[in-house]
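So the structure is just underneath, and the comments pick up after that.
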Amino acid sequence: MSKEIDSLSGVERFEDPGLPEHKHRKSDSDAIAANRAERQVAILFLLSALGTVGTIASYIFIDTKKFIYLPILGDTNAAQLALGTGLAASLFFIGIAAVHWAKTLMPDEEVIAERHEFRSSDEDRSDFVKTVKERAGAAGLGRRSLIKRSMGVALGLVGLSPLVLLRDLGPLPKKELSTTNWASGVRLVTDPGGQPIKGTDLEIGSVAQVLPQLPEGTERSLENIGKDAVLLIRIRPEEFNLNAERLSWTYNGIIAFSKICSHMGCAVALYEQQTKHLLCPCHQSTFDVTRAAKVIFGPAARPLPQLAIGVDSEGYLVAKQAFTEPVGPSFWERNSA
Amino acid sequence: MKKSEQVAGNVASYIDDRTGAAGWAKKNLTKVFPDHWSFMLGEIALYSFVILLLSGTFLTFWFDPSQQEVVYNGTYAPLSHVTMSASYASTLHISFDVRGGLLMRQIHHWAALIFMAAIVVHLLRVFFTGAFRKPREANWLIGIGLLTLGIVEGFLGYSLPDDLLSGTGIRIAEAIIQAIPVVGSYLAFFAFGGAFPGHVFIPRIYIVHVLLLPGIFLALITVHLMLVWYQKHTQYPGPGRKETNVVGYPLMPVYMAKAGGFFFIVFGVTAFLGAVASINPIWLYGPYTPGQISAGSQPDWYMGWLDGLVRMAPPLETHAFGHTISWNILIPGLIIPGILFTGMALYPFIESWISGDKNEHHLLDRPRNVPNRTALGAMSLSFMLISLINGGNDVIATHFHLTINGIMWFTRFGLFIVPPIVFIITKRICLSLQRADREIVLHGRETGRLVMTPAGEFLEVHEELTPEQKWTLTQHAQPAALALPSEDAHGTRSKSAGIKGKLRARMSEANASQVAAPTAEQAKELEGGHH
């Protein structure tokens, strides 16, 4: 880029012509215009008052169950609409009235106020510095290094107590992030419904959300669902592209994955039947069902953990073992690729 | 003496007898504020905050921030007998069984969106006009603090109803906490009182949302305004406006009426939006459960850029020595926002280091006259915009019939390619505008009127600018590049050598390369030549 600037020092610049002459408004000189402006302001204030009356009236008289049809808005709750527009009018017109008043009837002549540099006089500043030095010296901090150091230790440590006191906010994670309620022989039950399902209950191309059957009398918590949710997908067995071990984890074309996204824990709920892809609606990580939920797109770094399933003696689907890796998003202590 | 004047006099003396404030008040009631539409952006943020306090207080009278499970039996039939948290049930109660409750919820949410938008646009105004320069660096930092807290406060606010959408947002926040190396899972378990979602998170963020953060906001806003008051407002350049004065209208009565009126206008508009524009219809989402999700999960707009960054992150994780580090979460979720906000906070200091300018500035810059700053701002904006586009990639894909993959790849590359291009283009535009300024100051405005001279020559009539216009276009200072010696008088390498020194010299030179503002002398010379 060419250097196009000239040094401006000593060059005659354009002159500041100063504040332009003030042009008076019509209402400043014309009494009729001023009176008209006054009436306009009054009308605006009255419109606000009308808005308040409308608000109160609609609060009392309009049935909250009444819906009316309006163009653009569609079916709208009449009470909500009347209350809101009334409130809006009562506020808005006060504002417009005040601004109109200020613009038409209050003085509109610009005034000039001088600024002063914030910097104090040199004398004050050196006095200030001297005072600070003197006062600080009076405390003797510079000379008494024992006090300085011990104070440093005390002040450095004092912040620890509040941190320690926060310790009881929650329990330690222990193995909680790595374990689920899935174990060998645990039945898969539908969610919602809680019914055990047979391998034949699922059509080819369909998807079902299942949870582990909990022992009688145990209540299912949201924390459980947050780790245990599993998605069953049935495709034609020949469409699988799995190694022998993973293939043995499927049953009759049914494959089971953790529904909790390996990226940030959202529910991976979108299944594209044609492509056999699972998609997480949060960040669009896409997993290929036929290849053991391999990540084919998006920010997820790991496949969804696969659950080994089979059937028990009564033909109901069961887990053959617990998940072999932690489900859900990564964490520091996570010990597998 | 009129009756009203007598009353005013009595009030004044009542106050002064008890505080001795007459001297201070006399000075401050006539304080001068410059007038410009862009100075109202900060006001909108302030008024939205007041609206948030008022509408928020209303909501607290019915909201129950509890994750205890209850069975809903209110008027909203589709969710009858559904088990849900008390916070979701009470939000439904406010929406359907408290008259004006839905209106207040919607006013509160709209005001939050307007609050954040006003903060961002106000920040852009301050940035592009150089209002952050000495002596206003502290107010810039407070502003960055308010922006950051605003994002957090907004997120906590829309997380409170515990619906399916907001619960998903909390799930993502938990994953970000959990991804922090070494302490992540501990922090997550402490915050949630155990495994996600637990029963304590919403009560905890509730008190942060309604007490802790609003308290900090109030304190920061107070200091922010006190500094504006004390340092007096900046003003745009123009005839009669100097670094040493402030031209405008007095506080009493003009500004009181205008600013007070503007509060009611902002409130009125927000109330109107709350009346007619549905926002966050939580009853459509259902209660939160970790096993379900709604398609098109979107955060509020001010979180969108963050979500967009997370979406476009490459699938990178490190697995080593029995530990996992999620770069796909840490980089977009913590590292990039950290760099952006730190850079933004430090910008005033970086700029004054490059320019070596330690003077006070009360006259604002016209953005074109500071091409590098303007280009940097435009570049950062384009970065945010591309991230934001990717944050809405699913919605954009369905609305415009594009593929999500296409948008994702476009933004992944665009994030690196577009901002530098925007920088270059913006800088060229600024320099062209400077050239255009120079042109019309020296040669006048093209009127489009053609005149034929007696000799048969055609000329376009140029209309000379008024002295006021000429002054406005040429008043800005154009500092030369810093002369940074590489060796000092004794022949030793000076501090300003080194990489840092060279960088500074290069940048200061880049700042100085501009189109020279025309001078009166040049104008006179031309006059001599033309006629």
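Proteins get letters first, then strands, A, B, ... in listed order; numbering begins at 1 in each. Side-chain atoms are counted along with the backbone in the values below, which use heavy atoms only and exclude waters and symmetry mates.
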Does any part of the side chain of A:Glu176, heavy atoms only, come nearer than 4.5 Å to the side chain of B:Phe189, both counted from C-beta? yes

What residues, two or more places apart in sequence or in another chain, satisfy side-chain contact (heavy atoms from CB on, under 4.5 Å) together with A:Asp63? A:Lys65, A:Lys66

Side chain to side chain, A:Trp332 and B:Ile180, heavy atoms closer than 4.5 Å: no

Counting only heavy atoms closer than 4.5 Å, note whether A:Leu172 contacts chain B via side chain, backbone, both or neither. both

Non-hydrogen atoms of chain A under 4.5 Å away: do they reach the side chain of B:Phe196, the backbone, both or neither? backbone

Non-hydrogen atoms of chain A under 4.5 Å away: do they reach the side chain of B:Ile325, the backbone, both or neither? side chain

Working note: B:Glu317 + A:Arg334, criterion salt bridge (Lys or Arg N to Asp or Glu O under 4.0 Å); need CA distance, chi angles, decisive distance, verdict. CA-CA 11 Å; B:Glu317 267 187 3; A:Arg334 191 175 193 285; 5.5 Å; no

Between A:Asp16 and B:Gln475, is any side-chain donor less than 3.5 angstrom from a side-chain acceptor? no

Using a strict threshold of under 4.0 Å (side-chain N to carboxylate O), is an ion pair present between A:Glu114 and B:Lys242? no

A:Ile260 versus chain B, heavy atoms under 4.5 Å apart: side chain, backbone, both or neither? side chain

Which region of B:Thr75, side chain (C-beta onward) or backbone (N, CA, C, O), has a non-hydrogen atom less than 4.5 Å from a non-hydrogen atom of chain A, or is it both or neither? side chain

Among B:Val246, B:Thr244, B:Val247, B:Val32, side chain to side chain contact (heavy atoms under 4.5 Å, CB included) partner for A:Ile112: B:Val247

Where does A:Phe297 contact chain B at under 4.5 Å (heavy atoms): side chain, backbone, both or neither? side chain

Check this for me: does any side-chain nitrogen of one of A:Arg115 and B:Glu243 sit under 4.0 Å from a carboxylate oxygen of the other? no

Sort A:Arg167 into side chain, backbone, both or neither according to what part of it lies under 4.5 angstrom from a heavy atom of chain B. both

Any chance the side chains of A:His283 and B:Asp307 put a donor and an acceptor closer than 3.5 Å? yes

Rounded to the nearest 0.5 angstrom, the OG-NZ distance for B:Ser185 and A:Lys174 is 13.0 Å

Below 4.5 Å from any heavy atom of chain B, which atoms of A:Thr85 appear? Answer side chain, backbone, both or neither. both

